[in-house]
Amino acid sequence: MNKTKSITFGDKIFARVTRNGQTIYNFVSERVSNMADLMSQLRIAMKDIQGLVMLHIRNYNQGWGDERPLMLYARRVRNYNFVDEKASSNEVAAPGRKMLFPWETH
């Protein structure tokens with residue numbers, strides 16, 4: 001059995017996001033190349049959801065599954081510099097602004 005839980009481009013990835021036992025988002029893709037890519041796509045797809053959720057991941061090709069908590073931040077707190085979403089949004093990020101840590105928002 002594979003001890004490392006890796007993702008390779010072309011693997012069929014199923015992800016389910018739940019809150020309080022209820023599914024709030026389902027994701028299926030074969031175009032994810034690593035865990036960071038998966039997390040980026042999930043955060044973009046769930047941009048209007050905030051708070052603590054549970055992420056259930058299944059890599060069908062490699063035969064592993066995992067679950068982990070995931071914190072989704074409000075739009076005013078996050079800053080995704082790597083996302084083209086800004087081009088389609090009316091919001092403009094301040095130059096040089098970094099993503100805030102949770103303890104910096106209170």
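Note that the coordinates shown come from a computational prediction; the quantities given were computed from them, not determined experimentally. Values below: all heavy atoms of this structure, side chains included; hydrogens, waters and symmetry mates excluded.
Atoms CD1 and NZ, on I57 and K5 in that order, are 9.0 Å from each other to the nearest 0.5 Å. In this structure, CG on L38 lies 6.5 Å from CG on L55, to the nearest 0.5 angstrom. Here I13 contributes atom CD1 and N61 contributes atom CG; the two are 7.0 Å apart, rounded to the nearest 0.5 Å.
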Under the side-chain contact (heavy atoms from CB on, under 4.5 Å) criterion, do F9 and R31 qualify, and how do the steps go? CA-CA 6 Å; F9 189 82; R31 301 183 53 84; 4.0 Å; yes
side-chain contact (heavy atoms from CB on, under 4.5 Å) between M54 and L70, worked out: CA-CA 6 Å; M54 185 61 77; L70 174 64; over 6 Å; no
Start with the C-alpha distance between F27 and F14, add both sets of side-chain angles, then the distance that settles side-chain contact (heavy atoms from CB on, under 4.5 Å), and finish with yes or no. CA-CA 6 Å; F27 177 84; F14 298 93; over 6 Å; no
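With K12 contributing its side chain and V28 its backbone, the two residues share no donor-acceptor pair below 3.5 Å. Between the side chain of W64 and the backbone N or O of S6, at least one donor-acceptor pair lies under 3.5 Å.
The minimum heavy-atom distance linking M71 with L52 is given by the pair SD-N, 3.7 Å.
A search for side-chain hydrogen bond (donor to acceptor under 3.5 Å, both in side chains) contacts involving D11 returns N59, Q62, not counting sequence neighbours. Contacts of R68 classified as side-chain hydrogen bond (donor to acceptor under 3.5 Å, both in side chains), with partners at least two apart in sequence or in another chain: D66.
For residues 18-29, every residue pair satisfying the side-chain hydrogen bond (donor to acceptor under 3.5 Å, both in side chains) rule, not counting sequence neighbours, is listed here: T18-H56.
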